[in-house]
Colleague: 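To start, I am sharing the structure in question, which I have written as structure tokens.
Below, each value reflects all heavy atoms present in this structure, side chains not excepted, and no hydrogens, waters or symmetry copies. Letters A, B, ... are given to chains in the order of the sequence lines, protein chains preceding strands, and every chain is numbered from 1.
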Amino acid sequence: MNAVLDVVAGLLLALGCFTALTSALGLYRLPDFFARIHAAGKTDTLVQLLVVGALLIEAARLGHLSAALKLVLISIFLLVTSPTATHAIASAAYQEGLRPWSPDPAPSEAEESGA
Amino acid sequence: MNELALLAGLLALVVATAVGTVQARNLYAATILLGIYSLLMALTWTLLHAVDVAFTEASVGAGVSTILLFAALVRIGGRETENQSNLHLPALLLVLLLGGLLAYGLEDAPAFGDPDAPVHRRAAAFYTSLESYHLSHSKNLATPVLASYRGYDTLFETAVIFTAGLAMILLLRKESAGSPAEAEEIAEDPPAAEPDAVDPGRSARLLGRPGGAPRDLGRHPVLSKVCKTVVPFVVVFGLYVITHGELGPGGGFQGGVIIAAAFVLVALVFGLPRARQFLPRAWSDALAGVGVLVYAGVGLTTMALGGTYLEYARLALDPEHPAGGQTLGMTLVEMGVGVTVAAVMATIFSEMVED
């Protein structure tokens, strides 16, 4: 049973690390601010859930119940605050006049000149 | 071995962010990098089992310092001015001289982690001893060192923070600003139409203060809801960290900064005038001094009870158990530190973004 839990925790941790890596890659490679912050947002939610989930399994397995409770609280706090921070940053950028990049800028330009 | 590799990797990242901070010409980028630097340092301290230092680094270095630097950038603008002469010879000589002196001084320092180093044989050996535990009954090793053995040091650190708040008030506060009539007058003024280099209207809009366009709260339902939900928890956590410092990582500095962060959060989402309703200027001005006075007053009380300055054992309600006095004394001075730190951080932030 313990070995199974260990393997599950390890898998969750590995999946979390992989997702974090793709997120970092997206932050580095994607074309504009909004796409990048979209990629970065994955770390705050999905990666956090995977990693905290893995740690939670380990903490419960080792009988550290107060640590497990703290992990749950941390996870809830991050789930509430991190997407809000992402939303605030993206919304501030939009209000300051930054617009999402488009691979084909022609239609929007035509629209603007038409209007 | 694994820990050593992790430490090496972390320190490499620390050096990289430090270089990046110095290289960045955009001051907003430099501030963010400095925050990352502090976060990496916090991880490094955790790895070295210095949890209290890590906590301080995370809350003060990565948290409130970043906010205060951003607040300063709101005032001065985000670009570094081009420096014409790249090489300042006297400065270079001074740096080389000081660096050389430090390197020379390091010759005599004991090797890193040497168990025979004086610090480990005298002070630290006592601080970590069972005898010290029986004296203080504090479950957190760092707290008696900070609040008791080095109580004078911490008292004057608190005084330094108070002085910083005082300097901000003296330098940046305007005489009449803050009177309600004045605030209303500013609110009725139309926002500046011409965006200049720094664009005060922009920072005003971001902070939702009078003078800028009025903040439309209906457009920020998510932010206001989350802020309202989170702030009570942040304040309670700050109080917990202040009072719990004796038993676990934490204390007045970290807890005070966390409470100040709640103030800043309210100011960012609802505007500074709204935050000032929770902590009026007169209150934060007074509390900045009250914290130092509480700390100093504990010392005077122990003297009045026949002990020396800050001899907490004299505070014991039951003379048979002097450790109770230690607990009481350390908790009281941590509260003093927390009150001063929270009030001064709120003051610095407000004075920076207000004009």
Colleague: Could you list which of residues 252-261 of chain B have a heavy atom closer than 4.5 Å to any heavy atom of chain A, in residue-number order?
Modeller: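 The residues closer than 4.5 Å to chain A amount to none at all.
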Colleague: Take atom OH in B:Y37; do more than 12 heavy atoms of anything else shown fall under 6.0 Å from it?
Modeller: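 Open: at most 12 neighbouring heavy atoms sit under 6.0 Å from OH of B:Y37.
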Colleague: Can you find a pair of side-chain heavy atoms, one from A:V80 and one from B:T229, that are under 4.5 Å apart?
Modeller: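 No - every pair of side-chain heavy atoms lies 4.5 Å or more apart.
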Colleague: When rounded to the nearest 0.5 angstrom, what distance separates CG in A:L73 from CZ in B:F233?
Modeller: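 Result: 9.5 Å between the selected atoms.
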